[in-house]
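Notes to accompany the following structure.
One is the number of the first residue; the rest follow in order along the sequence.
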Amino acid sequence: MNRGVRIFVSPSRRELINETLHALRGNSCRCPAHSPSLTSTCSSPQHRHLTSADSTPHTTDYAYEISTSNVRIGKGATREVGMDLVNQGVKRVMLFTDKNLMQHLAFTATTEALKAENIQFDVFSEVRVEPTDVSLKVAIEKAQEGEYEAFVC
């Protein structure tokens, strides 16, 4: 489940953020339908156009939203993958890697974490750095064969 993070800021901070973003955009059109790199202005009356010389008070309320997957960084984080999957109720996964990474500690730590939590897993080690349509089709076919509940990459 992807949960968004909403950040609420005071009106004075919101104004500072809006002014900063406006300065970064330059004098370009603020409507989302136009590229900030265009120098021409939009002629649509619904769109509000501001320049640095515009002293009109801002009447638009802006909302900023940042959505991201959970990311855990730090010493020992890889060893927690099994626990995370158990917390999600996952019992069967496919582990994607390449033949070179199978020789590294991260791969070993991942497989040990899965084993420690009694999670069944299969390894797909044909991942390519520069994937082709053929290699992606092979990965998709393998993923569909196993009735996996999750994928670890």
Side-chain angles (χ1 to χ4, degrees), residues 1-11 13-26 28-42 44 46-49 58 60-153:
M1 175 185 293
N2 186 2
R3 296 181 182 164
V5 175
R6 292 189 179 206
I7 300 171
F8 297 97
V9 295
S10 67
R13 291 281 187 196
R14 185 178 304 131
E15 189 61 28
L16 177 63
I17 292 169
N18 287 335
E19 288 173 8
T20 303
L21 290 173
H22 182 66
L24 292 172
R25 288 187 188 124
S28 63
C29 177
R30 293 184 65 179
C31 65
H34 297 89
S35 167
S37 62
L38 295 177
T39 55
S40 64
T41 60
C42 172
S44 175
Q46 306 94 304
H47 297 152
R48 181 173 179 214
H49 300 280
H58 298 286
T60 306
D61 186 25
Y62 293 95
Y64 300 94
E65 183 173 334
I66 301 170
S67 296
T68 158
S69 299
N70 292 336
V71 176
R72 186 174 295 143
I73 300 171
K75 186 176 181 177
T78 303
R79 288 186 287 257
E80 297 177 359
V81 69
M83 177 188 64
D84 292 339
L85 292 167
V86 166
N87 289 341
Q88 295 175 24
V90 174
K91 296 178 180 137
R92 182 163 169 75
V93 303
M94 175 174 266
L95 176 58
F96 287 87
T97 187
D98 66 30
K99 293 183 188 335
N100 291 327
L101 288 177
M102 289 179 74
Q103 311 305 315
H104 290 273
L105 182 61
F107 178 80
T108 305
T110 302
T111 57
E112 287 176 359
L114 296 174
K115 289 175 187 174
E117 298 293 339
N118 297 315
I119 297 174
Q120 297 177 0
F121 66 93
D122 293 322
V123 177
F124 180 80
S125 62
E126 298 172 37
V127 171
R128 297 184 54 171
V129 174
E130 297 289 338
T132 64
D133 59 334
V134 174
S135 68
L136 288 174
K137 286 177 186 176
V138 171
I140 291 168
E141 288 170 5
K142 292 292 183 184
Q144 291 174 333
E145 289 174 5
E147 298 180 23
Y148 299 102
E149 298 169 312
F151 301 96
V152 177
C153 304

Which donor-acceptor pairs under 3.5 Å do the side chains of residues 126-136 make with protein atoms, sequence neighbours left out?
from: Thr132; atom 1: OG1; to: Val134; atom 2: N; distance (Å): 3.4
from: Thr132; atom 1: OG1; to: Ser135; atom 2: N; distance (Å): 3.1
from: Thr132; atom 1: OG1; to: Ser135; atom 2: OG; distance (Å): 3.4
from: Ser135; atom 1: OG; to: Thr132; atom 2: N; distance (Å): 2.9
from: Ser135; atom 1: OG; to: Thr132; atom 2: O; distance (Å): 3.0

Review point. Roughly how far apart are Met83 CE and Gln88 CD, rounded to 0.5 Å?
Key: 10.5 Å

Check your understanding: Between Val90 and Ala150, what is the shortest heavy-atom contact and its length?
Key -> CG1-CB, 3.8 Å

Exercise for review: Locate the shortest heavy-atom distance separating Met102 from Ser125; write the atom from each residue and the value.
Suggested key: SD-CB, 3.3 Å

Review point. Can you tell if the side chain of Val152 reaches within under 4.5 Å of the side chain of Leu85, non-hydrogen atoms only?
Key: yes

Check your understanding: Hey, which of Thr110, Val81, Ile119, Val123 is the one that makes side chain to side chain contact (heavy atoms under 4.5 Å, CB included) with Val93?
Key -> Ile119

Point to revise | Glu112: side-chain contact (heavy atoms from CB on, under 4.5 Å) partners, not counting sequence neighbours | key: Thr108

Study note, to complete from the structure: So salt bridge (Lys or Arg N to Asp or Glu O under 4.0 Å) across residues 73-85, not counting sequence neighbours, yields Arg72-Glu80, Arg72-Asp84

Point to revise | Test salt bridge (charged side-chain N to carboxylate O under 4.0 Å, His left out) applied to Asp98 - qualifying residues, sequence neighbours left out | key: none

Point to revise | Set of residues satisfying salt bridge (charged side-chain N to carboxylate O under 4.0 Å, His left out) with respect to Glu149, sequence neighbours excluded | key: none

**Study point:** Which residues share a side chain to side chain donor-acceptor pair (under 3.5 Å) with Arg92, sequence neighbours left out
**Key:** Asp122

For residues 137-147, which side-chain donor-acceptor pairs fall under 3.5 Å, sequence neighbours excluded?
none

Review point. Taking only residues at least two apart or on different chains, which pairs with a member in residues 105-153 satisfy ring pair (Phe, Tyr, Trp, His ring centres under 6.0 Å)?
Key: Phe96-Phe124, Phe96-Phe151

